[in-house]
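We count residues from 1, following the sequence as given.
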Amino acid sequence: CKGYEKKRSKLLGAYLPHPPGLEASMAHERRPPMAPSASRYHRRRSSGTRDERYRSDVHTEAVQAALAKHKERKMAVPMPSKRRSLVVQTSMDAYTPPDTSSGSEEEGGQGEGTPTSSQGSVSMEHWISRAIHQGSTTSSSSSSTQSGGSGAAGRLADVLAQTHVGKSENHSAPPDVTTYTSEHPVQVERPQVSTVPRTTPKYGNAELMETGDGVPVSSRVSAKIQQLVNTLKQPRRPPLREFFVDDFEELLEVQQPDPNQPRPEGAQMVTIRGEPLGVVTNWPPSLEAALQRWGTISPKAPCLTTMDTNGKPLYVLTYGKLWSRSIKVAYNILHKLGTKQEPMVRPGDRVALVFPNNDPAAFMVTFYGCLLAEVVPVPIEVPLTRKDAGSQQIGFLLGSCGVTVALTSDACHKGLPKGPTGEIPQFKGWPKLLWFVTESKHLSKPPRDWFPHIKDANNDTAYIEYKTCKDGSVLGVTVTRIALLTHCQALTQSCGYTEAEIIVNVLDFKKDVGLWHGILTSVMNMMHVISIPYSLMKVNPLSWIQKVCQYKAKVACVKSRDMHWALVAHRDQRDINLSSLRMLVVADGSNPWSISSCDAFLNVFQSKGLRPEVICPCASSTEALTVAIRRPTDDSNQPPGRGVLSMQGLSHGVIRVDSEERLSVLTVQDVGTVMPGALMCVVKAEGVPQLCRTDEIGELCVCSIATGMSYYGLSGMTKNTFEVFPMSSSGAPISEYPFTRTGLLGFIGPGGLVFVSGKMDGLMVVSGRRHNADDIVATALAVEPMKFVYRGRIAVFSVTVLHDERIVVVAEQRPDSTEEDSFQWMSRVLQAIDSIHNVGVFCLALVPANTLPKTPLGGIHLSETKQLFLEGSLHPCNVLMCPHTCVTNLPKPRQKQPEIGPASVMVGNLVSGKRIAQASGRDLGQIEDNDQARKVGGMRSDVRITLGDEVTHDCIHFQPSENTSGAVLSSLTCLQLHKRAEKIATMLMERGHLQDGDHVALVYPPGIDLIAAFYGCLYAGCVPITVRPPHPQNIATTLPTVKMIVEVSRSACVMTSQVISKLLKSKEASAAVDVRTWPPVLDTDDLPKKKPPQLYKPSNPDTLAYLDFSVSTTGMLAGVKMSHTATSAFCRSIKLQCELYPSREVAICLDPYCGLGFVLWCLCSVYSGHQSILIPPSELEVNPALWLLAVSQFRVRDTFCSYSVMELCAKGLGLQTESLKSRGLDLSRVRTCVVVAEERPRIALTQSFSKLFKDLGLHPRAVSTSFGCRVNLAICLQPHRLGKLADQGTSGPDPTTVYVDMRALRHDRVRLVERGSPHSLPLMESGKILPGVRIIIANPETKGPLGDSHLGEIWVHCAHNGSGYFTVYGDEALQSDHFNSHLSFGDTQTVWARTGYLGFLRRTELTDASGERHDALYVSIMECAVFPWTNLLVVVVELEGSEQEALDLVPLVTNAVLEEHYLIVGVVVVVDIGVIPINSRGEKQRMHLRDGFLADQLDPIYVAYNM
């Protein structure tokens, strides 16, 4: 590393502000970079730590340099907004239990580490950090100290200034049909915003009209979104050219391999053979035989010395003691458990060994006791609590091994969790166990004549070592007695072990390298092991070096982490001398990041007698035992191998040696050569086990006696791992003997040196490129090693979303970090990983310190963390998702469908087997005589004709709940209605001085007065407009809508009741609107006595009868003109379809202000003469049973309701069906229950309603739906007729439900699939087409007719179409098109009205699918709404549960929408229940929601901006 400083300064030269004289001083120094004066290791260890397996200074510099490059093009990432309470809670220390970790952390992949420090001169480090902090931190306005999103304005201004958003253009929202342009625009912009302080997070379920132009861009939220939009405008890598089409007519883009990507070019590799395993004369025939030999001929020789936490020797176990105690344990296991006739444990049975990390002696005695008793030990970790992370999987292993007995030590037994009666509880997922203490004092002495049976090593299982897989499952690897012995021999030969050598062991002695060297091979060679417990290492990281010196140990077994800790704690101790060491086994040498610890350790301790050739990294795996180990040679001429590999090459699976000048490189060291007596080859990581080429990375495979034998009880997995037959390129197997997969990725370099570049378990394949989790951890830690991540605890894993793996990074943040720090760190990690690995991170989550699930030894439990993430219970305190950059395989944009051309229409309606999609209801037929009279007389004469027919008949009951029984409030016969209407007409003419054709706003609650006022207007020749009155409790939001409808409809006067007229002029009202500008307000409570001089007759049936005003869910206010002709035709059509005649009774629970609800409430009963029972839906909020009680009480056969009514009944009465039954509620007479709606049928709701009330006699076929829209208030209405033959009268077939493929729907094709198939959307036929209605499906863009089963816009032609929108400022062009459209070819004469709804026809039933195809509902989400904003999809979800769960929803929502709808969510907003505004029809008011969001009025719990 002579040129290290030079390389380093060269690498960083471009990015560092050089102090004068720095170059000179560096040139003079030229000292080795990690010089022994390790003064900077004197930092306190508590300063902040990081996982030392990932330390690499060159890498740290590379990361910092990459970030410096990014400085110029800073990412414009909007910071998420968070509610205060959330900020406070998550940073509380109380939220984080103290760190209880105790030990090593290899388990599950990533663990905790220690304080780090960059090697190299202090001044250099200082400058790097200065450069970086100035570069990235200050520029992102870290000056703002407020946490949460509250102080974001200044911060955003800074960021916006950098991204030059401000000047480029004025980003206002896209134009909206609802904007009224005029000199004095109608003020509809949430009037209460400025005037009324907001008290609750709800802002009412008002039907408030909004302009789409919405909010000025200075608003905080919209500025953030704008910033996000600009970020997304940057071109996305990688470029994708090709698409492929899979079976589903699906058009997902697939990542095409880059033609320039590196490919392996070397020759096919040859199998590498280790040196022969020498047969030494005195090697024992089995391990037990070795123990017997040493125990009898050298009983006083020390075998194991244990240490206490002060580093003092606690106990020395001699070979004699080990031998005698093991015999005692063997005897007791076999003869003292169970009864003589029924022993609990027999030879060959499995038993669990549960021993703590600080008691190797007890473990060793018990392990050898098991070997002597021929019982199979299964060593596992000590369970700390009943619900340890991963404990269930360990339990599964024990259960599948048939373990019934757990052997443990006295101290451990006392420390286990106990139940109330002192018994050890059953751990989660564990079998029932008998706990047996194996301490000598508790055991019986074996009789003199009893002696264990010592055989030569055979193929019986010796022990089972557990292994945790990537998915969290725990497998047991069986090791046979012959494999055990052969492995000890191979280690003895390659490490050159001799009798009585002293070995210091810092590793976990229960498994892996620690077990193989410190418990097994040591006994074979009668060596003396000094075991350093982990608790001592935590107190004194130098303890192992001190013990090497004290005992003049020849060998030490450590991990790179232990070397690093020693470096950090080392303070120029005088008395350290490591010249006795001939071998320092580095157990995690297979982790490529171990190399920097090895280098640094050598640099510091070379002056203390450490020779370079002593450091011996080894590679091992649970399945293949020791795979390779570097031999301790004295020949210093052969330097250790190292390779600087290009990360880009590695991601494509090839080896490209790179200069260290490049930023993205991985430096790997060799792990020595193949074990004696073994064969090794490298096979492709995916697919069949084919040999790799020499310059290709693959999985190492070993053929040797000394490997594991199987996964216990899992024959299929065993075959895949332990019985692999590698093949040459020709397909022929290279050996008749099976190989074992090691789970390690790497290659075999020159001279047979083995290099490992990663683990199969850490492999993530993203868009066809491979990335190693450990490498990404290393990059993330290098971003700010000392500062941000708590104890280096980072987990990296991948989740599959939309057919590809996506990288997720979860890190614990330090308890004192601010929101600003977190966000800074997160955006820099994204940049670093992008620069170094050229891959995007899908989700980056931060959790509070100490909250990730731990392995028993204190590391992060990776699979458990992933599980928590997937099920939404990780509870992060910060989340950043980047779906826009990561998801590059979205479907191809919508393709145009081939249309039916004009030529094929001329040929006839059939073309290539397709009908043109058109349908019609039955003909209206001959008009009866009095119908003819009505047609001329218009709507006004209806009342009088009906009068003539039946003067006595009750026309209307009106029934709200005055008391809960629901007594009749008022009723009216037709005659009474006629007289009342006449008086109102008189009043209009006399008091109101109104002319023919003047518009009158009727502001009444649902009831008789509304109907009388409506007919009074007709009698006076005025045009009525029904308006929902303002809500007395919510004037601020509901009154502006009333005011606006009155203004927009140009009403000459307002007619209302006395109560409401006072309300309109009250003090509260004046706060919301200008009360001086109301037109004259007439109240109809006291009417004049006299009749009008004459009743108005319309001269032309096409004159206006009334205006139908309503606000759509998109916030558009539309008034539709209804002529007398259309109104009569409408009533006639409904009369025929529903068979309405005078003796019928119909119950109506609908709002009477617009659409079909108004027509049924006010017009139909007068036209047809039947009796209507009217129930205002608002009354159901007080008494949900009111509607059904009325239906039952009046024995009604036909009833109409809305979805909101149905929902109220389902929610309010779901649990009360029994009590309603006992009150005599009976729905068996109901033949039709029609849901009136302007949307696609809500299947789930109608089905659950039918099921709930089935017990009350409701026939399952009774419920049906209707469909109407603004241009035609009722297109379909299908009352089912029960109990009649299908061909009689109007009865139709049952409404059919079809399941369509959502993915085909996105391409305007209708593809029917089976129920329950993936991506299916159930659609229910919207009812039978009304008489006199014709329908066609047209292409909305070209206006041409479409064929059957194609998705298009529903066009309708019929007599009761509206005659146009009533608008103020005559922008007629757009609107007239809605009512007067012509097909571009085919039948070009007919005038059609465009509904604006998408749907398709199948045979003769219309099935409608409204445009709202993107609602996803989840379990914990109460309501969810979506709206687009400048090309971003915003999802708003209401959270039921604690605010801590809000951030869990962000990845869940993003993933679900991606998987289901192939849409990338731009912004996820989590709000409280009740924030999403819903109108009276139960529809979500998306535009109100949007405006509330942009004006920052939702008070969201969390807003996540996905990048």
Side-chain angles (χ1 to χ4, degrees), residues 1-2 4 32-36 119 272 274-275 278 490-498 501-507 513 516-517 521 525 527 544-545 547-549 551-560 562-564 566-567 570 576-620 626-644 667-676 746 748-756:
C1 55
K2 211 167 165 193
Y4 179 80
M34 296 128 220
Q119 273 87 15
I272 305 290
E275 71 264 34
L491 285 176
T492 302
Q493 181 172 325
S494 47
C495 301
Y497 285 143
T498 53
E501 267 193 317
I502 295 176
I503 173 171
V504 170
N505 182 27
V506 191
L507 305 172
V513 182
W516 306 331
H517 289 258
T521 311
N525 295 294
M527 292 158 71
W544 70 271
I545 292 187
K547 294 296 166 253
V548 168
C549 302
Y551 287 93
K552 303 267 183 290
K554 294 281 184 72
V555 181
C557 293
V558 297
K559 283 190 168 174
S560 53
D562 307 319
M563 299 161 79
H564 177 79
L567 282 177
H570 166 63
I576 290 183
N577 180 357
L578 296 181
S579 56
S580 64
L581 269 186
R582 64 175 187 81
M583 184 173 194
L584 179 59
V585 178
V586 184
D588 59 348
S590 59
N591 180 339
W593 298 97
S594 62
I595 185 169
S596 52
S597 292
C598 294
D599 288 354
F601 190 79
L602 180 62
N603 270 306
V604 171
F605 288 103
Q606 201 162 358
S607 61
K608 311 276 185 191
L610 181 71
R611 301 187 301 285
E613 68 274 9
V614 166
I615 295 179
C616 296
C618 78
S620 65
T626 305
V627 176
I629 187 164
R630 201 185 286 171
R631 314 295 194 262
T633 54
D634 294 333
D635 174 20
S636 2
N637 302 335
Q638 201 218 338
R642 63 176 53 201
V644 180
T667 307
V668 289
Q669 63 181 346
D670 73 287
V671 286
T673 49
V674 185
M675 295 298 285
I748 298 171
L753 291 179
V754 179
F755 290 87
V756 176

Counterpart residues, side-chain contact (heavy atoms from CB on, under 4.5 Å), relative to [X] (two or more places apart):
{"X": "T673", "result": "R631, L753"}
{"X": "C618", "result": "V513, V585, I629"}
{"X": "A490", "result": "L277, M675, P676"}

- Query: Taking it one step at a time, do D588 and S560 satisfy side-chain hydrogen bond (donor to acceptor under 3.5 Å, both in side chains)?
  - Reply: CA-CA 7 Å; D588 59 348; S560 53; 2.8 Å; yes
Value rounded to 0.5 Å, distance of [atom1] in [X] from [atom2] in [Y]:
{"X": "C495", "Y": "I503", "atom1": "SG", "atom2": "CD1", "value": "8.0 Å"}
{"X": "M563", "Y": "I615", "atom1": "CE", "atom2": "CD1", "value": "4.5 Å"}
{"X": "L491", "Y": "H517", "atom1": "CG", "atom2": "NE2", "value": "4.5 Å"}
{"X": "Q669", "Y": "N591", "atom1": "CD", "atom2": "CG", "value": "9.5 Å"}
{"X": "N577", "Y": "L610", "atom1": "CG", "atom2": "CG", "value": "10.0 Å"}
{"X": "C616", "Y": "M583", "atom1": "SG", "atom2": "CE", "value": "4.0 Å"}

For a 4.5 angstrom cut-off between non-hydrogen side-chain atoms, does [X] reach [Y]?
{"X": "C557", "Y": "V504", "result": "no"}
{"X": "V506", "Y": "K559", "result": "no"}
{"X": "H570", "Y": "I576", "result": "yes"}

Contact summary for [X] and [Y], nearest pair of heavy atoms:
{"X": "V671", "Y": "S590", "answer": "CG1-N, 4.1 Å"}
{"X": "V674", "Y": "E275", "answer": "O-OE1, 3.9 Å"}
{"X": "L507", "Y": "V558", "answer": "CD2-C, 3.7 Å"}
{"X": "L581", "Y": "V614", "answer": "O-CG2, 3.4 Å"}
{"X": "V756", "Y": "A619", "answer": "CG2-CB, 4.1 Å"}
{"X": "S620", "Y": "W516", "answer": "CB-CZ3, 3.5 Å"}

- Note on the structure: With sequence neighbours left out, the residues meeting side chain to side chain donor-acceptor pair (under 3.5 Å) with Q493 are none
- Any residue meeting side chain to side chain donor-acceptor pair (under 3.5 Å) with D670, in chain and number order, not counting sequence neighbours: R630
- Item | F601: ring pair (Phe, Tyr, Trp, His ring centres under 6.0 Å) partners, not counting sequence neighbours | W544, F605
Quick one: does [X]'s side chain have a donor or acceptor within less than 3.5 Å of a partner on [Y]'s backbone?
{"X": "R582", "Y": "V555", "value": "no"}
{"X": "T492", "Y": "Y497", "value": "no"}
{"X": "S580", "Y": "A553", "value": "yes"}

